[in-house]
Each structure stands twice: as C-alpha cells, then as structure tokens.
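Single-structure report; data block below.
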Number of protein chains: 2
Amino acid sequence: MTAKSMTRAAFFVLTALADQPRHGYGILRETEELSGGEVHLRVGTLYGVLDRLTADGLIVLDREEVQQGRLRRYYRLTDDGVAALDAEAERMAAGAGAARRRIAEGRRAAARPAAQDPAGLEPPTAPGLAGGFA
Amino acid sequence: MTAKSMTRAAFFVLTALADQPRHGYGILRETEELSGGEVHLRVGTLYGVLDRLTADGLIVLDREEVQQGRLRRYYRLTDDGVAALDAEAERMAAGAGAARRRIAEGRRAAARPAAQDPAGLEPPTAPGLAGGFA
DNA sequence: TCGATATATATCGGCGCTCGATATATCCTG
DNA sequence: CAGGATATATCGAGCGCCGATATATATCGA
C-alpha cells in the first residue's frame with residue numbers, strides 16, 4: 001500500500017536486531033522488554049518473518065551456537081536491512097506527525113464555529129505548515 | 001500483537017478524517033495528496049475499513065449528499081476515533097524513535113575497535129536509558 | 001458523438017500474514 | 001519430578017489487503 005513498507009512484525013524484528021545480533025527467542029524477549037510489555041511478538045509469527053527477511057536480504061544468519069545443549073541461531077542486519085529499517089522509521093515518524101497535526105487542525109476547526117475562542121481553553125498549538133507523511 | 005494497534009489502512013483513513021469529514025473517494029485522494037503520492041489506499045480496501053471503523057465506533061456517518069447525480073457519504077471521527085488515532089500516532093513515533101536509537105547504537109558498536117568480549121550470553125544489558133517504544 | 005477519464009459507490013476471490021496450538025528437547029527451580 | 005523457562009519449528013484458521021469487476025454519472029478531447 002505504501003509503495004513498500006514492511007509489516008509490523010518485521011519492523012519489530014529489525015529493531016530488535018539493530019543494535020546487535022540476536023537469536024530468535026532473544027528477539028522475542030528483547031522486543032517485549034524494549035517496549036515495556038506493550039509489544040509481544042508471537043513465536044508462530046517470528047520464524048516466518050525471519051525467513052522472509054532473510055529471503056529479502058534484510059538480515060543474514062550471523063552464527064550458530066550451542067549453549068547448554070540448546071541451539072541458538074543468531075541473525076544480524078545487512079546494510080539493506082539497516083536502510084530499510086531507517087526508511088520505515090522515517091515513514092512512521094512522518095505519519096505520526098501528520099496525524100497529530102491534523103488532529104490539532106480538527107480541534108481548531110471545531111472550536112471555530114462560535115465567535116471567538118475564549119482565551120485560555122484551547123491554545124493555538126502552532127501551525128501545521130508543511131509536510132505530509134513524507 | 002501490540003495489545004491493540006490498528007492496521008495501516010485504518011490509520012490512514014483516520015488521519016484523512018482528522019481535520020474534517022470526508023467521503024470515501026475523498027479519503028482516497030486526500031491520503032494520496034497528503035503523502036505526496038507515497039501512500040495509495042486501494043478502493044477494495046477502503047470500504048471494508050470504513051465498515052470496521054464504524055463498527056468499532058471510531059467513525060460515524062456524518063451526512064449524505066448528492067453532488068451532480070453522484071452520492072457522497074461523509075464520515076467523521078468520533079471522540080474515540082480521535083483518541084485511537086492519537087494513541088496510534090504516539091506508538092508510531094515511539095517505535096520510530098526506538099528504531100533510530102538502536103540503529104545509532106549498532107553503528108557505534110560497529111565502529112568500536114574489536115576489543116572482543118566473548119562474555120557469553122547476556123550482553124551487558126547496559127544502559128538502554130529511557131524510553132523503549134512507549 | 002463516441003470513447004476515455006474522473007468521480008463515486010460496492011462486492012468478491014485470492015493470497016499473504018499473524019495467531020494459537022502443537023511438537024520436540026534441555027536446563028533449572030521448587 | 002513436575003512445571004516453567006529456554007529454544008527451535010510447523011501448520012491450520014482467520015483476517016485484512018489487493019486486484020478485478022460492476023454500476024452510474026459528468027466531463028473533456030478527438
């Protein structure tokens with residue numbers, strides 16, 4: 001829809017991998033912790049995402065370790081992955097900004113109908129000016 | 001996944017309606033224009049989203065007009081819709097910020113001369129500082 | 001005047017993605 | 001020794017988005 005924007009799950013996985021390589025289960029925990037429990041990636045979602053991101057060249061298998069009898073498969077971002085995540089972050093920030101500006105616009109419009117706004121209730125909140133989503 | 005976050009299409013529709021009531025086709029054009037052509041909501045997506053948002057109480061039918069023989073069905077945000085959009089904007093801004101901070105962290109780590117710290121499993125967990133996604 | 005394009009609504013099948021359940025295996029704690 | 005955390009992986013169900021399709025009017029250029 002947005003030309004080429006990733007799914008939310010993919011975004012969270014890339015974000016979890018942005019600072020250092022991690023293995024699947026580690027991505028799950030990191031995402032949860034990082035978001036204060038807000039975001040909870042499901043196991044059933046993770047591995048499909050990992051495969052897709054690998055196929056798309058946004059992540060690569062970094063190494064495999066065996067810790068205490070358990071296999072750990074570490075992934076890391078590729079340069080394309082970093083670029084994709086960065087681009088997505090920009091789209092999100094732009095979208096959030098656009099939404100907020102328009103909400104403020106709507107509030108101003110709703111306050112307008114009556115004569116003049118009684119000072120003190122709704123601060124002008126500054127003009128939206130430029131910038132759509134992008 | 002994120003407790004309760006809306007789909008992208010829903011977000012764009014709510015954003016298009018945030019400043020004033022619009023009709024379906026108007027939402028399509030507004031979204032496209034507002035984003036500089038980046039976002040292109042599809043007709044096949046729109047009406048389903050409109051129905052879902054109405055069912056969820058985030059938008060309501062504002063009025064119906066007949067302009068030059070063509071029916072126009074205008075929708076507007078409810079208070080819940082404004083709140084939901086605002087909350088989503090905050091999640092997006094927070095997510096974008098988190099992603100960017102982590103990318104910067106990864107760059108710093110990569111630039112650091114390999115002092116190699118095999119350490120083991122739990123990376124210092126370090127500062128993290130403020131803010132995850134929320 | 002005819003065809004293409006824009007406006008404006010709506011539906012439907014296909015498909016991709018997420019979820020929940022399920023499976024397997026090891027280690028730690030009570 | 002049972003239960004939970006760690007760690008991987010798969011699969012069916014269901015939902016949401018896309019593209020195609022349908023219907024109807026107005027406008028503009030050939």
Side-chain angles (χ1 to χ4, degrees), chain A residues 1-14 16-17 21-33 35 37-56 58-59 61-75 88, chain B residues 1-14 16-17 21-33 37-56 58-59 61-75 88 120-123 125:
Chain A
M1 168 203 305
T2 333
K4 46 177 180 51
S5 71
M6 62 191 66
T7 65
R8 257 194 255 279
F11 171 77
F12 292 133
V13 169
L14 292 184
L17 293 176
R22 291 176 195 279
H23 63 281
Y25 198 80
I27 294 174
L28 259 32
R29 280 190 285 94
E30 176 65 15
T31 302
E32 182 124 25
E33 185 186 321
S35 68
E38 275 277 297
V39 182
H40 184 64
L41 262 184
R42 310 302 171 130
V43 194
T45 305
L46 178 69
Y47 295 97
V49 173
L50 248 24
D51 289 344
R52 236 173 300 134
L53 290 176
T54 300
D56 292 348
L58 301 187
I59 64 174
L61 183 61
D62 186 67
R63 67 188 189 277
E64 287 183 337
E65 287 180 4
V66 176
Q67 296 284 334
Q68 295 151 330
R70 298 191 199 93
L71 174 65
R72 286 182 171 183
R73 193 164 283 138
Y74 285 78
Y75 292 89
E88 183 68 12
Chain B
M1 166 203 306
T2 333
K4 46 175 179 56
S5 72
M6 63 191 65
T7 64
R8 255 192 256 277
F11 171 77
F12 291 135
V13 169
L14 291 184
L17 292 177
R22 292 176 196 279
H23 63 282
Y25 198 79
I27 293 172
L28 259 33
R29 280 191 284 94
E30 177 65 15
T31 302
E32 182 124 24
E33 185 186 323
E38 275 277 296
V39 182
H40 184 65
L41 263 183
R42 309 305 169 130
V43 194
T45 306
L46 178 68
Y47 295 97
V49 173
L50 248 22
D51 289 345
R52 235 174 301 134
L53 290 176
T54 299
D56 291 348
L58 302 186
I59 63 174
L61 183 60
D62 186 66
R63 68 188 189 278
E64 288 183 337
E65 287 179 7
V66 176
Q67 295 284 333
Q68 295 150 330
R70 297 190 201 94
L71 174 67
R72 286 181 172 183
R73 192 164 281 135
Y74 285 79
Y75 293 88
E88 182 69 12
L121 10 168
E122 292 315 315
T125 320

Note: for A:Thr2 and A:Leu71 on DNA chain D, the residue whose nearest nucleotide lies more 5' is A:Leu71

At under 4.0 Å, does any side-chain N or O of [X] touch on OP1 or OP2 of [N]?
X	N	result
B:Thr7	D:dC17	yes
A:Arg52	C:dC17	yes
A:Arg72	D:dA7	yes
A:Arg29	D:dA7	yes
B:Tyr47	C:dT11	no
B:Thr45	D:dC18	yes
A:Arg42	C:dG20	yes

Minimum-distance nucleotide to B:Arg70 side chain [options: C:dC28, C:dA6, D:dT6]: C:dA6

Return the 5'-most residue of the pair A:Val49, B:Asp51 with respect to DNA chain C, ranking by each residue's nearest nucleotide. B:Asp51

When A:Glu30, A:Arg73, A:Arg72 are each screened for side-chain contact (heavy atoms from CB on, under 4.5 Å) with A:Arg22, the one that passes is A:Glu30

Using a heavy-atom cut-off of under 4.0 Å over every strand shown, decide if B:Gly44 touches base, sugar-phosphate, or nothing. base

When pairs are called at under 3.5 Å and a stem needs at least three consecutive Watson-Crick or G-U pairs, the stems of DNA chain D are C:1-30 with D:1-30

